[in-house]
S.K.: 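Here it is, the structure in full.
Numbers here simply count residues along the sequence, with the first being 1.
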Amino acid sequence: MPPLATPLASRAVHEIFDRVASDLAMLADRSIDVREVLYEERHDRPSAAGSVHISFRLRIDSDGRTRYGALMIPLAEAIAIAGYLMMVSEAQVAQMQAAPSLDRPLKEALLEVGTFVAGASDAAFRAAGATRSRVTFDGCQGVRENVPPAFDYDEGDPLAVGRALVSVADAPPVEFVVMLPRAESAARV
């Protein structure tokens with residue numbers, strides 16, 4: 001039987017999805033709808049299936065300790081969101097998604113997405129009751145299918161993990177994955 005969910009961690013995961021979707025939808029001027037959030041507690045970094053993902057690393061500072069987490073978004077949707085922030089047309093977004101590599105303006109827009117993700121995550125932590133925590137953006141990386149994201153993590157420490165079905169600009173829903181350190185792991189950092 002899995003352990004009971006930590007209320008603060010579960011609230012933070014749900015709040016992150018809601019706030020990230022709301023903030024990015026407003027900035028991109030496109031709908032971003034969270035359709036379902038599943039919460040679990042794990043002792044390893046999960047991977048995402050189906051495609052390459054962009055992992056937006058989150059640095060979480062609390063009570064003099066630093067821990068890390070991540071939000072993973074499928075590459076096509078991350079490119080779409082970045083393109084919408086760049087105010088390009090749907091046709092240009094499709095071209096960016098089909099390109100064999102990311103150009104400099106798109107990479108910069110993805111970094112901007114990461115900054116907004118961290119800001120929304122910081123607000124989500126506060127709304128969930130973690131008022132002494134601060135979340136900042138710590139870079140992003142492409143992550144191959146079925147490979148966990150890289151961030152500073154002691155294997156075996158507890159993680160709060162959320163998986164959400166998210167639809168970007170009325171496209172079919174895809175899975176976003178968020179990973180956050182659980183409070184009891186902070187004692188070891």
S.K.: Would you confirm whether Glu40, through its side chain, and Val161, through its main-chain N or O, come within 3.5 Å as a donor-acceptor pair?
M.R.: no
S.K.: Determine whether Met179 and Phe151 satisfy the following criterion, side chain to side chain contact (heavy atoms under 4.5 Å, CB included), listing intermediate values before the conclusion.
M.R.: CA-CA 10 Å; Met179 291 161 248; Phe151 57 86; 4.0 Å; yes
S.K.: Would Arg11 and Glu15 pass as an ion pair if we require N to O under 4.0 Å?
M.R.: no
S.K.: Any ion pair linking Arg45 and Glu155 (charged N to carboxylate O, less than 4.0 Å)?
M.R.: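 Between Arg45 and Glu155 there is a salt bridge, with a charged N closer than 4.0 Å to a carboxylate O.
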S.K.: Measuring from Asp33:CG to Leu165:CG, what's the distance to the nearest 0.5 Å?
M.R.: 12.0 Å
S.K.: Closer than 3.5 angstrom, by distance alone: can the side chain of Gln141 be matched with the main-chain N or O of Ala150 as a donor-acceptor pair?
M.R.: yes
S.K.: Is Phe116 reachable from Val93 through a run of hydrophobic residues whose side-chain heavy atoms are each under 4.5 Å from the next?
M.R.: yes
S.K.: Quick one: pull up CG in Asp122 and CG in Leu58 and give me the separation to the nearest 0.5 Å.
M.R.: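 Going from the CG atom of Asp122 to the CG atom of Leu58 covers 10.0 Å.
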S.K.: Rounded at 0.5 Å granularity, tell me how far OG1 in Thr136 sits from CZ in Arg134.
M.R.: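 Going from OG1 on Thr136 over to CZ on Arg134, the span is 5.5 Å.
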S.K.: To check you understand the geometry: which heavy-atom pair defines the closest contact between Ser55 and Ala70, and what is its length?
M.R.: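 Nearest pair, atom of Ser55 first, then Ala70: OG-CB, 3.5 Å.
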S.K.: Look at atom CZ of Arg132 and say whether more than 12 heavy atoms of other residues, nucleotides or ligands are closer to it than 6.0 Å.
M.R.: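 Open: at most 12 neighbouring heavy atoms sit under 6.0 Å from CZ of Arg132.
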S.K.: If I compare all heavy atoms of Pro74 with all of His53, which pair ends up nearest, and what's the gap?
M.R.: N-CD2, 3.3 Å
S.K.: Could you please spell out the steps behind the side chain to side chain contact (heavy atoms under 4.5 Å, CB included) verdict for Asp138 and Asp152?
M.R.: CA-CA 11 Å; Asp138 193 55; Asp152 192 13; over 6 Å; no
S.K.: So is Arg30 actually on top of Tyr84's ring, under 6.0 Å and inside 45° of the axis?
M.R.: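 Yes - Arg30 lies over the ring of Tyr84, closer than 6.0 Å to its centre and within 45° of its axis.
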S.K.: Between Leu159 and Arg182, what is the shortest heavy-atom contact and its length?
M.R.: C-CG, 3.6 Å
S.K.: Between Val166 and Val117, is there shared hydrophobic-cluster membership here, with clusters defined by ILVMFWY side-chain heavy atoms closer than 4.5 Å?
M.R.: yes
S.K.: Give the intermediate values and the outcome of side chain to side chain contact (heavy atoms under 4.5 Å, CB included) for residues Val88 and Met96.
M.R.: CA-CA 10 Å; Val88 301; Met96 288 188 279; 3.4 Å; yes
S.K.: Might you point out which heavy atoms bring Phe17 and Val34 nearest each other, and give the distance in Å?
M.R.: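 Residues Phe17 and Val34, closest heavy atoms: O-CG2, 3.6 Å.
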S.K.: Taking the side chain as every heavy atom from C-beta outward, state whether Glu36 and Pro173 have any atom pair closer than 4.5 Å.
M.R.: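 SC-SC contact between Glu36 and Pro173 ruled out.
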S.K.: Drop me the distance from Ile79's CD1 to Gln95's CD, to the nearest 0.5 angstrom.
M.R.: 12.5 Å
S.K.: Applying the 4.5 Å side-chain criterion to the ILVMFWY set and letting contacts propagate, would Val13 and Ile73 be lumped into a single cluster?
M.R.: yes
S.K.: Using a 3.5 Å distance criterion without hydrogens, assess whether the side chain of His14 forms a donor-acceptor pair with backbone atoms of Ala12.
M.R.: no
S.K.: One pair to check against side chain to side chain contact (heavy atoms under 4.5 Å, CB included): Leu24 and Val168. What are the steps and the verdict?
M.R.: CA-CA 10 Å; Leu24 289 176; Val168 176; over 6 Å; no
S.K.: Looking at Ile54 and Ala78, what are the two nearest heavy atoms and their distance?
M.R.: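 Here Ile54 and Ala78 meet closest at CG1-CB, 3.9 Å.
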S.K.: Under 4.5 Å between side-chain heavy atoms, hopping through other hydrophobics if needed: is there a path connecting Val178 to Ile60?
M.R.: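 Per the 4.5 Å side-chain linkage, Val178 and Ile60 are co-clustered.
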S.K.: What heavy-atom pair brings Ala48 and Met72 nearest, and what distance separates the two atoms?
M.R.: CB-CE, 3.4 Å
S.K.: Just how far is it from atom CG of Asp154 to atom CZ of Arg67, taken to the nearest 0.5 Å?
M.R.: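 Taking CG in Asp154 and CZ in Arg67, the distance rounds to 12.0 Å.
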S.K.: Check whether Arg126 reaches the backbone of Ser133 with its side chain - one donor and one acceptor, N or O, closer than 3.5 Å.
M.R.: yes
S.K.: Using the rule that Ile, Leu, Val, Met, Phe, Trp and Tyr join whenever any side-chain heavy atoms are under 4.5 Å apart, tell me whether Tyr68 and Ile16 fall into a single cluster.
M.R.: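 Tyr68 does not cluster with Ile16.
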S.K.: Please indicate whether Asp63 has more than 12 foreign heavy atoms, meaning atoms of other residues, nucleotides or ligands, lying under 6.0 Å from its CG.
M.R.: yes
